[in-house]
Undergrad: 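This is the structure I want to talk about, given as structure tokens.
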There are 2 protein chains.
Amino acid sequence: MLKLPPQATQVGLAVDVAAFTIHEGVLRSLLTLRGRVPHAQTWALPGGFVLVGEELHEAALRELRDETSIELEPRHLEQFFTFGAIGRDPRGRIVSVAHLAVLPHGTVPVMAGASTLHADWFPAHQPPPLAFDHALILGRAIKRLQLRLEYANLALDFLPETFTLPELQNVHEAILNRSLDKRNFRKRLLAQGILTPSGERRSGVGRPAQLYRRARSVRTGLL
Amino acid sequence: MLKLPPQATQVGLAVDVAAFTIHEGVLRSLLTLRGRVPHAQTWALPGGFVLVGEELHEAALRELRDETSIELEPRHLEQFFTFGAIGRDPRGRIVSVAHLAVLPHGTVPVMAGASTLHADWFPAHQPPPLAFDHALILGRAIKRLQLRLEYANLALDFLPETFTLPELQNVHEAILNRSLDKRNFRKRLLAQGILTPSGERRSGVGRPAQLYRRARSVRTGLL
DNA sequence: GAGTGAAGGTGTCATGCATACACTTATCCA
DNA sequence: TGGATAAGTGTATGCATGACACCTTCACTC
């Protein structure tokens, strides 16, 4: 057991995960419908208590797995803020270390876990009412995501291995929640030298698009 | 008491403060010499346990006050990362919410508090050996400080109400740990429109310098 | 096989911002 | 009055950004 000064706070330590993906062109956030009090029947970010002997990021990955059956690679996870206000949880002093997660393409299907009734994706910019202070957490997560977009190659993490430039632009637009100029976007991204044409093209409706993949040297993930 | 799932971790909740000032042209970090085990006789960041019913930022301000007799305004404090690795504290699972603090001009004198033997300023880029994982915390704090410099008017918080442009440049150089071009610096800062000449000048050795103050509308502090 | 619909792809100009770079001016003091 | 010291000043260049409109390629259908 811990030997601490008598007036020191013993707190419950939790993690929450704001996990994002892009689906049908809109930024979506992963939410679970709580099955237990407090806030039963309310949507919330995946999360829960850190177990004894468990690192913070491990707890975040485990909760994501248990509550939504999503297996995330550690490099797509980043701690971004700790919420510890006194009244934030009716059960007592619970501090939550909030994490940002980026879900690469293909991780969309989710299932509910033991303690949750459902898990599903919601438009991140217009979420339903959320439990605890999770609306605040989600808002901050989106801001952080937008910041990261600027100086990381974050958008690539949302896409499969090969992708077209319009698809990449859609990712940026979904995260920033505004539209971008096609020509300027292409100019900027191609100038960064992080994309290499794969030579292939993708056909659909309209003119086929050139496929790209990330260049050799491009670091990926949130860290 | 907390009613939590049985396997949930009860942890000690602490705060640490990486507090910076500029003195003699170098960025300095505030350290305390620990009087108690663990790590007695070792320098460490000011910090300690959060008390029952105390908010995180209040705890940070209190520890700073108790250990170094420095009274800091809340807006000069910003939470920046939470350190919770399992082995970081030999007493058990202790999670520390680290804060960044900017000490405005004139706050330099410090005294030791009850649980500390000394408190003093050390060059932030070359600190002495530190207790716990505080070297890691300090390093991350400096990086955050440098990031903030870019898009906040953070440097003004290190200076008194009126100051000269060379003084402001010194603050930037101390934080970035490199020298800057005088003409470009002046151009950039004056173009931002955040400075207004006070009309006065300051004499010393060499040509007297124009004194400036922050413009009316300039938001200050870390938030 | 010609026409239409749908999406991909392309170039230029203006503006602002960062960078590199060297000499003059004001004051103090011996 | 001359020397030491620090403040102050301007220009040219390259680069990134933002605004803006038309052409190309393919699939499908008639």
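Residue numbers start from 1 in every chain, and the chains themselves are labelled A, B, ... in the order their sequence lines are given, proteins ahead of strands. Keep in mind that what you see is a predicted model, and the values were worked out from it rather than measured.
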Undergrad: One character per nucleotide, please: for nucleotides 3-13 of chain D, 5' to 3', B when the base has a protein heavy atom closer than 4.0 Å, S when only the sugar-phosphate does, - otherwise.
TA: --BBBBBBB--
Undergrad: For the backbone of Asn184(B) and the side chain of Asp181(B), can you confirm whether one donor and one acceptor N or O come within less than 3.5 Å of each other?
TA: yes
Undergrad: Between His134(A) and Ala44(A) (side chain of the first, backbone of the second, donor and acceptor by atom type, cut-off under 3.5 Å), is there such a pair?
TA: no
Undergrad: Could Arg144(A) and Phe80(A) be counted as a cation-pi pair, given that NZ or CZ must be under 6.0 Å from the ring centre and within 45° of the axis?
TA: no
Undergrad: Compile the donor-acceptor pairs under 3.5 Å between side chains in residues 197-206 of chain A and protein atoms, sequence neighbours left out, one pair per line.
TA:
unit_1, atom_1, unit_2, atom_2, d
Ser198(A), OG, Glu200(A), N, 3.2
Ser198(A), OG, Leu211(A), O, 3.3
Arg202(A), NH1, Glu167(A), OE1, 3.2
Arg202(A), NH1, Glu167(A), OE2, 2.4

Undergrad: Please give, in whole Å, the distance from dA19(D) P to Arg188(A) CZ?
TA: 12 Å
Undergrad: Give the rounded distance in Å between these two atoms: CG of Leu189(B) and P of dA18(C).
TA: 11 Å
Undergrad: Could you check whether Arg201(B) gets within reach of a base, just the sugar-phosphate, or nothing at all, counting any heavy atom under 4.0 Å?
TA: sugar-phosphate
Undergrad: Measure the distance from CZ on Phe185(A) to C1' on dA19(D) and round it to the nearest whole Å.
TA: 17 Å
Undergrad: Tell me: CD of Gln192(B) to P of dG16(C), nearest whole Å?
TA: 16 Å
Undergrad: Does a salt bridge link Arg214(A) with Asp157(A), judged by any charged N lying under 4.0 Å from a carboxylate O?
TA: yes
Undergrad: So, does Glu67(A) use its side chain to make a donor-acceptor pair with the main chain of Ala119(A) at under 3.5 Å?
TA: no
Undergrad: Rounded to the Å, how far apart are Leu176(B) CG and dT19(C) P?
TA: 11 Å
Undergrad: How many whole angstroms separate atom CZ of Arg178(A) from atom P of dT17(D)?
TA: 12 Å
